[in-house]
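What follows is a short report on a single structure.
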Amino acid sequence: MKKSQRERIDRFTSPYRVTSGKGFRLKDVDPGDTAHLKSEDKAEAKEMLARGVEWLAEEQDKLYAQDHWAVLLVFQAMDAAGKDGTIKHVTSGINPQGCTVTSFKQPSSEELDHDYLWRYMRNVPARGQIGIFNRSYYEELLVVKVHQELLAGQKMHPSLVTKKIWDERYEDISNYEKYLSRNGVVVLKFFLHVSKAEQKRRFMERLDNPEKNWKFSSSDVAERGHWKDYQEAYEEAIRNTASKEAPWYVVPADNKWFTRVVVAAAVVDAMAGLKLHYPVVGPGKRKELAAARRSLNAE
Ligand code: ATP
Ligand code: MG
């Protein structure tokens, strides 16, 4: 990638990347931020997204061919922040054979019978693959922290459920992500940061527009009632788990066109950093290719 391209990407990624949680405050990120772009630059943003999507497709092809690295993209957000649309747009150019998307909802009884990371571990992408988590193990520090009665459902022995449980989970998750990165799984975490006012506007749209009615869920409105608790839980989770190995991106999410550009740029940036290339074949394989050519020519 050329230096000018890297610099362009950097303008969309570095303001939102958190690699150390010390002193991180959610209120320092404005959900309405669009960096240097104004709404009249939307067309430019769309063109950048299209270029990013193309780039991702090229990088993914090499990731798959090389079969050394995996990429795990974690998406977290309040309802209606645009996780689904972002995932749809950012992956639109990707070969489906090299990508899996897993959505995590309330755990099943089988899942609750295991340690809390179990169901996530089983879905970590294999080498050569991009894996997307639509919600993730971070719910264990978010919804479970906001609704602590959920912990009781996790069937842990009471002696293990102490005041320290959240600190223990920050530690478990940080260590797990370090482990993944040491094994060649590149972890990027996105918090799509929507404002409370914009969430209301989107809920209203779901109520007003018959084609969007199906997306509306009353429980989303109930969760909105816990807005402050969720914001605090997100801030704490980001503070305690942001690292160089597994950075958080706190992405302004009041303007969908901007959210998508930032996410695509962050993924392109991480994959470009791997310096992916197609495997170079050795002398043995070259001989095999030459023999195949001779045999085809002789037909
Ligand atoms: P959308 O609303 O866009 O379809 P969603 O991700 O909100 O997507 P839902 O089916 O509405 O999907 O909600 C899934 C719910 O599952 C969320 O409220 C989430 O907090 C909850 N959930 C996810 N993981 C856990 C967990 N480990 N324990 C308890 N609840 C969880
Ligand atoms: Mg929902």
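For the numbers below, each heavy atom of this structure counts, side chains included, while hydrogens, waters and symmetry mates do not. One-based numbering, in listed order, for ligands and for the atoms of each.
The backbone N or O of V194 lies less than 3.5 Å from no partner atom in the side chain of D254, so there is not a single donor-acceptor pair.
For a distance threshold of 2.8 Å, the protein N, O or S atoms nearer than that to the Mg ion (ligand 2), listed by chain and number, are D79 OD1.
In summary, the aromatic rings of Y234 and F191 are positioned with their centroids under 6.0 Å apart. Ring-centre distance between H193 and Y249: not below the 6.0 Å cut-off. Residues Y116 and Y137 keep their aromatic ring centres 6.0 Å or farther apart.
Nearest heavy atom pair, residue P125 against residue A70, reads O-CB, 3.7 Å. Closest of all the heavy-atom pairs between E140 and Y120 is OE2-OH, 3.4 Å.
Surrounding CD of E149 are more than 12 heavy atoms belonging to other residues, nucleotides or ligands, all under 6.0 Å away.
In this structure, R260 forms no cation-pi arrangement with W257, as its terminal cationic atom is not both closer than 6.0 Å to the ring centre and no more than 45° off the ring axis.
Just one of R119, K155, R122 meets the salt bridge (charged side-chain N to carboxylate O under 4.0 Å, His left out) condition when paired with E111; it is R119.
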Please tabulate, one line per pair, the protein N or O atoms found under 3.5 Å from any N or O atom of ligand 1, giving the distance to one decimal.
residue	atom	partner	partner atom	Å
ligand 1	6 (O)	K83	NZ	2.9
ligand 1	6 (O)	R135	NE	2.6
ligand 1	7 (O)	D79	OD1	3.1
ligand 1	7 (O)	R135	NE	3.4
ligand 1	7 (O)	R135	NH2	2.8
ligand 1	10 (O)	K105	NZ	3.1
ligand 1	12 (O)	K105	NZ	3.1
ligand 1	16 (O)	Q106	N	3.3
ligand 1	20 (O)	E139	OE1	2.9
ligand 1	24 (N)	K105	O	3.4
ligand 1	24 (N)	R119	NH2	3.2
ligand 1	27 (N)	R119	NH2	3.3
ligand 1	27 (N)	Y120	OH	3.4
ligand 1	27 (N)	E140	OE2	2.9

